[in-house]
Amino acid sequence: MIASRRDQFRVTGLSASGGNIELLARQIIEFEPETVALAKAAAANDLQRALYAEAGQRGWAQGEYRLPKLLLGPNASTQLAGSGADVVLNAITGAAGLEPTLAALAAGSTLALANKESLVIGGLLVTEAAQPGQIVPVDSEHSAFAQALRSGRADEVRRLILTASGGPFRGKTRDELTDVTPQQAMAHPTWDMGRVITINSATLVNKGLELIEAALLYDVDFDDITVTVHPQSIVHSMVEFHDGSTIAQASPPDMRMPIGIALTWPQRLKDAARACDWTTAATWTFEPLDNHTFPAVELARRAGKAAGTAPAVYNAANEACVDAFWDGKIGFLDISRIVGQCVDEHLADGHVADEALTLEAVLAADAWGRTRAAEIAGAAA
């Protein structure tokens with residue numbers, strides 16, 4: 001998207017874990033960022049070699065391209081996020097995105113937030129650090145809410161309707177999911193995503209995280225958010241107003257649309273993605289969520305209502321369970337079961353409420369949730 005709009009955007013920094021050095025080198029050569037954050041410090045030499053190789057493939061001599069300033073180590077992305085760019089797009093996976101989110105907000109940057117986990121686990125720490133309108137969501141569902149909410153005042157909203165594709169196992173019973181493999185869970189019908197997000201979509205943990213995110217972003221009570229299954233993924237979410245009107249945002253499933261809006265909000269980016277084809281017959285369906293087979297959403301609702309450190313445990317325990325499932329230590333249905341057990345244990349002993357919430361408490365809850373989930377998964381193996 002940015003590559004075709006160089007007159008509108010300038011990339012001042014890039015952040016990466018170090019897992020795909022060749023791709024990072026290509027991006028550095030193409031966009032010439034001033035600063036690059038690399039979480040894996042040991043990969044710095046690999047990056048330098050990859051940059052020379054990429055430049056050589058393009059026929060460039062040494063000196064025809066500028067080497068960026070390197071920030072190295074686990075805090076590198078936080079340093080970069082706090083550098084004061086106009087817009088910081090946080091697309092880090094998982095709880096690791098929390099401190100970069102807080103750094104970007106503290107620096108006064110507009111935060112284009114794809115890392116929903118940082119808002120979910122940070123809760124009031126994040127919302128109270130943000131100025132009005134400073135956080136712009138990148139998730140297609142929350143982008144849809146933002147767009148639809150412009151149709152009325154906050155006091156006219158009756159509820160939010162959060163859509164879900166249903167994932168690869170829509171319509172299955174619990175008995176049919178007993179022997180699901182990681183490869184089957186990765187077969188998402190709509191989106192091509194990474195391992196954690198794709199498996200989260202199969203369990204619907206991802207929709208649980210989005211439920212908490214929506215409540216925090218738009219200050220809507222958890223009981224006023226309804227999840228509905230929409231397999232076509234054309235209607236990205238809806239807002240129902242108190243006069244009975246429902247405003248939906250619809251577009252073909254293409255992340256360039258919400259990314260474009262996040263980068264230029266409140267303006268729209270012309271031709272960011274294609275529109276619906278209204279000359280071709282199409283059918284859109286909606287159905288209630290099967291909470292018995294997929295309990296993760298209601299579990300998230302309970303954790304979200306408890307607030308404080310409960311959402312951090314929900315997210316952390318799930319990330320540990322996804323790893324355990326991927327490694328064959330637990331079954332697919334065990335993911336939600338173990339997450340629920342961890343949340344229950346945390347609420348019974350160790351929960352920190354919103355009034356006492358600190359970054360240290362969130363990080364401690366995150367660490368406890370991962371450790372406890374791994375213990376339970378290990379015992380089940």
Side-chain angles (χ1 to χ4, degrees), residues 1-17 20 23-24 26-28 30-31 33 36-37 77 80-81 83 85-94 96-97 100-101 104-105 109-120 126 130 133-150 162-165 188 190-194 196-198 200-201 206-207 209-210 213-214 216-218 232-238 248-276:
M1 176 174 289
I2 289 178
S4 62
R5 292 175 168 85
R6 303 298 286 271
D7 59 326
Q8 292 178 266
F9 301 103
R10 181 170 65 90
V11 178
T12 61
L14 289 171
S15 176
S17 67
N20 192 338
L23 174 60
L24 179 60
R26 290 197 298 272
Q27 292 174 335
I28 291 171
E30 180 172 1
F31 295 108
V36 170
S77 59
L80 182 62
S83 63
D86 294 328
V87 178
V88 173
L89 174 59
N90 184 351
I92 295 170
T93 298
T101 279
L105 295 174
S109 301
T110 295
L111 177 63
L113 189 62
N115 170 244
K116 67 175 70 67
E117 294 91 344
S118 62
L119 177 59
V120 168
V126 174
Q134 191 179 2
I135 302 177
V136 183
V138 173
D139 274 349
S140 61
E141 295 86 352
H142 301 82
S143 178
F145 285 141
Q147 295 174 66
L149 284 166
R150 296 169 80 172
L162 179 63
T163 58
S165 71
H188 195 278
T190 305
W191 302 103
D192 181 12
M193 305 170 290
V196 174
I197 297 176
T198 305
N200 285 356
S201 295
N206 199 51
K207 205 54 52 178
L209 294 171
E210 290 175 1
E213 181 183 11
L216 290 167
L217 275 175
Y218 303 114
Q232 295 79 23
S233 299
I234 300 295
V235 174
H236 296 288
S237 276
M238 299 171 275
Q249 188 271 319
S251 58
D254 186 334
M255 283 306 298
R256 289 176 298 178
M257 176 78 73
I259 291 171
I261 287 180
L263 292 177
T264 58
W265 183 265
Q267 284 76 39
R268 292 181 180 274
L269 191 62
K270 186 176 181 181
D271 297 323
R274 63 189 176 92
C276 294

Could you check whether any side-chain heavy atom of [X] comes within less than 4.5 Å of a side-chain heavy atom of [Y], counting everything from C-beta outward?
X: Asn200; Y: Thr198; answer: no
X: Leu263; Y: Phe9; answer: yes
X: Ile135; Y: Val126; answer: yes
X: Leu80; Y: Val88; answer: no
X: Pro266; Y: Arg150; answer: yes
X: Phe145; Y: Leu217; answer: no
X: Asp86; Y: Ser109; answer: no
X: Glu117; Y: Ile92; answer: no

Check: His236/Ser251 side-chain N/O donor and acceptor closer than 3.5 Å: yes

Whether Asn90 side chain and Ala114 backbone form a donor-acceptor pair below 3.5 Å: no

Backbone of Ser233 reached by a side-chain donor or acceptor of Ser165 within 3.5 Å: no

Any chance you could measure [X], atom [atom1], to [Y], atom [atom2], to the nearest 0.5 Å?
X: Leu89; Y: Thr110; atom1: CG; atom2: OG1; result: 12.0 Å
X: Thr264; Y: Leu269; atom1: OG1; atom2: CG; result: 5.0 Å
X: Thr101; Y: Leu111; atom1: OG1; atom2: CG; result: 5.0 Å
X: Leu24; Y: Leu14; atom1: CG; atom2: CG; result: 6.5 Å
X: Gln147; Y: Ser140; atom1: CD; atom2: OG; result: 10.0 Å
X: Lys116; Y: Glu213; atom1: NZ; atom2: CD; result: 6.0 Å

Flag if over 12 foreign heavy atoms under 6.0 Å of CZ, Arg274: no

For a quick test of reading the model, state the closest non-hydrogen atom pair linking [X] to [Y] and the distance between them.
X: Gly97; Y: Asn115; value: CA-OD1, 3.3 Å
X: Ala112; Y: Val138; value: C-CG2, 3.7 Å
X: Ala144; Y: Ser237; value: CB-N, 3.6 Å
X: Leu216; Y: Val120; value: CD1-CA, 4.2 Å
X: Pro252; Y: Cys276; value: CD-N, 3.6 Å
X: Leu105; Y: Gln134; value: O-NE2, 3.1 Å

Set of side chain to side chain donor-acceptor pair (under 3.5 Å) partners for Arg256, sequence neighbours left out: Asp254

Parallel, tilted or perpendicular: ring planes of Tyr218 versus His142, cut at 30 and 60 degrees: parallel

Check against side-chain contact (heavy atoms from CB on, under 4.5 Å), Glu30 and Arg6: CA-CA 11 Å; Glu30 180 172 1; Arg6 303 298 286 271; 4.0 Å; yes

